2 protein chains.
Amino acid sequence: MPNTASPQQSGIGAVRVYPDKTPVYYQGDAATRIFRVNSGVIMTFRLLEDSRRQITGFCTEGEFFGLSPDGEHMDGAVTVTSAGVQSVSISALETDADLRAQLLDHSWRKVEDAQNLMMTLTKSSSEARVAAFLVMLAERRKRRGAKQDENAIEVRLPMSRLDIADYLGLSRETVSRRLNDLQGLGLIALPDTHTANITEIDGLRRKAGTVVTG
Amino acid sequence: MPNTASPQQSGIGAVRVYPDKTPVYYQGDAATRIFRVNSGVIMTFRLLEDSRRQITGFCTEGEFFGLSPDGEHMDGAVTVTSAGVQSVSISALETDADLRAQLLDHSWRKVEDAQNLMMTLTKSSSEARVAAFLVMLAERRKRRGAKQDENAIEVRLPMSRLDIADYLGLSRETVSRRLNDLQGLGLIALPDTHTANITEIDGLRRKAGTVVTG
DNA sequence: CGAAAGCTTGACGAGCTTCAACTCCTGTGG
DNA sequence: CCACAGGAGTTGAAGCTCGTCAAGCTTTCG
């Protein structure tokens, strides 16, 4: 593992840039480092024996991933887009109290996100799930300070339909259908496969029922 | 709030005993304390506007609950059985490094559990979910040092069928049907509604596919 | 420019939810 | 002591949503 020299900033060590669709670590790997997204999008996922997949999260700028209690990664991580990733040895936790505090806060949020996702997965129709997914992405863009007209939020969908499906617990066909339905209802526009223009965020929220904040 | 004097053990403060089916805190309450189960069973859940419910976990001896990043509880908590609960002010985190370390570890496990549950919820048939639920309870009993014959594990089901349903994302009718199916297959016996005797844990595991460890 | 991968659309069937009726158990009051 | 009411659980029947299979279409990339 070729690690570049580490700029010491708040306990954060080596920085590295990955091309898109590149693994960062594999499920089952020894968990020796903690990761944080600098730029781009990372997704984490778990695999079953029969090669089914649950995507457990899409991580964007500022988010931690790769946390593991037992020294072994329970999920895998790949880049969706090209991404910059910081990492720090897990042993740095011993000495860096600030990092520990950050991680504790972040972990609680992760639990919250996971529970939100559970609500979406069990209690919602396919339409509600897809709507919730779009709302989540819109919220995330807004949080990142993308100041824009409320009535034409452009959301990027760098991941494939199958990725979305495996996140929402649906088939790729259903994702495709529901996206088109929402377009037919005039809530969104789909100029190309990887872009969604939200024209009625309120209507979308109503469809979503519960907002996924993860 | 009648808090008894606090036995200081590893930063854990006030102890309190609740009868069964008693709220410990409500969704939306200010999160000023952190809780830990001393005895009995607690369940945490989230509500939607339309009064649907997702049970996010059943907590038994030793488990923490009520962790919240934003000073407000995102879930509610009630006792399933009569239960002893320790609690400590959230401000104790500042001074107690040992508690912080425990919580960080516990939080990561919670994320893992939530993700396991997600796998179960999205990728499994109703039969697999119910089987996974029973295996989870059996594992938990074993972990608690209940040394017993592998071929007659008695599992208590103190929660209602609806509670199980809301945990597994099913209807109570389906839970009922699948439990009876498993009994018909000779994998379990149901002497009464709140007891399941697992007679073939391996067969049950096979049905479950993925084991829920939460 | 052509091949491969990703996406969409249609038809069909399985599995779960919903609705409804009935049973069982518990507790309460006459 | 028994009748009755209410909640929880079970069981049956019908309907709908979503997954699966299959074919056609579009985008991407060498």
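No hydrogens, no waters, no symmetry mates; every other heavy atom, side chains included, goes into these values. Note that the structure is a prediction, hence the values are computed from the model and not measured.
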Whole angstroms only, please: what is the CG-C1' distance between B:Asn180 and D:dG9? 10 Å
If you apply the rule side chain to side chain donor-acceptor pair (under 3.5 Å), what do you find for A:Arg46 with A:Gln54, and how did you get there? CA-CA 5 Å; A:Arg46 312 186 78 185; A:Gln54 169 72 42; over 6 Å; no
Spacing of A:Leu190 atom CG relative to D:dT27 atom P, expressed in whole Å: 13 Å
Assess whether one donor atom and one acceptor atom, taken from the side chain of A:Arg177 and the base of D:dG19, lie less than 3.5 Å apart. no
Would the base of C:dC19 count as contacting B:Glu173 through its side chain, where contact means a donor and an acceptor less than 3.5 Å apart? yes
Has the side chain of B:Lys21 got a donor or acceptor atom that lies under 3.5 Å from a matching backbone atom of B:Val78? no
Could you give the NE2-to-P distance, from B:His194 to D:dG9, as a whole number of Å? 6 Å
For a quick test of reading the model: is some side-chain N or O of A:Thr174 closer than 4.0 Å to OP1 or OP2 of D:dG19? yes
Interatomic distance, A:Leu157 CG vs C:dG6 P [rounded to whole Å]: 16 Å
Rounded to whole Å, please give me the gap between CZ in A:Arg178 and C1' in C:dT8. 13 Å
Within the 4.0 Å heavy-atom criterion, would you say A:Ser160 contacts the bases, only the backbone, or no part of the nucleic acid? sugar-phosphate
Whole Å only: how far is the CG atom of B:Asp166 from the P atom of D:dG9? 12 Å
Is it the case that atom CZ in B:Arg156 sees more than 12 heavy atoms from other parts of the structure closer than 6.0 Å? yes
Atom-pair distance (CG on A:Leu162; P on C:dT8), nearest Å: 12 Å
Check B:Leu182, B:Ile164, B:Ile153 against B:Leu134 for a side-chain contact (heavy atoms from CB on, under 4.5 Å) and give me the one that passes. B:Leu182
Using side chain to side chain donor-acceptor pair (under 3.5 Å), reason through B:Thr174 and B:Ser126 one step at a time and then give a plain yes or no. CA-CA 7 Å; B:Thr174 299; B:Ser126 58; 5.9 Å; no
Selected nucleotide, minimal atom distance to B:Ser125 side chain, candidates C:dC16, D:dT11, D:dT20: C:dC16
D:dG9, OP1 or OP2 - any side-chain N/O from B:Arg172 closer than 4.0 Å? no
Quick one: A:Asp181 CG to D:dC18 C1', roughly how many Å, whole number? 13 Å
Give a yes/no answer on whether the side chain of B:Ser126 brings an N or O atom under 4.0 Å of OP1 or OP2 in C:dC16. yes
First of A:Arg129 and A:Thr193 reached from the 5' end of DNA chain D, by closest nucleotide: A:Arg129
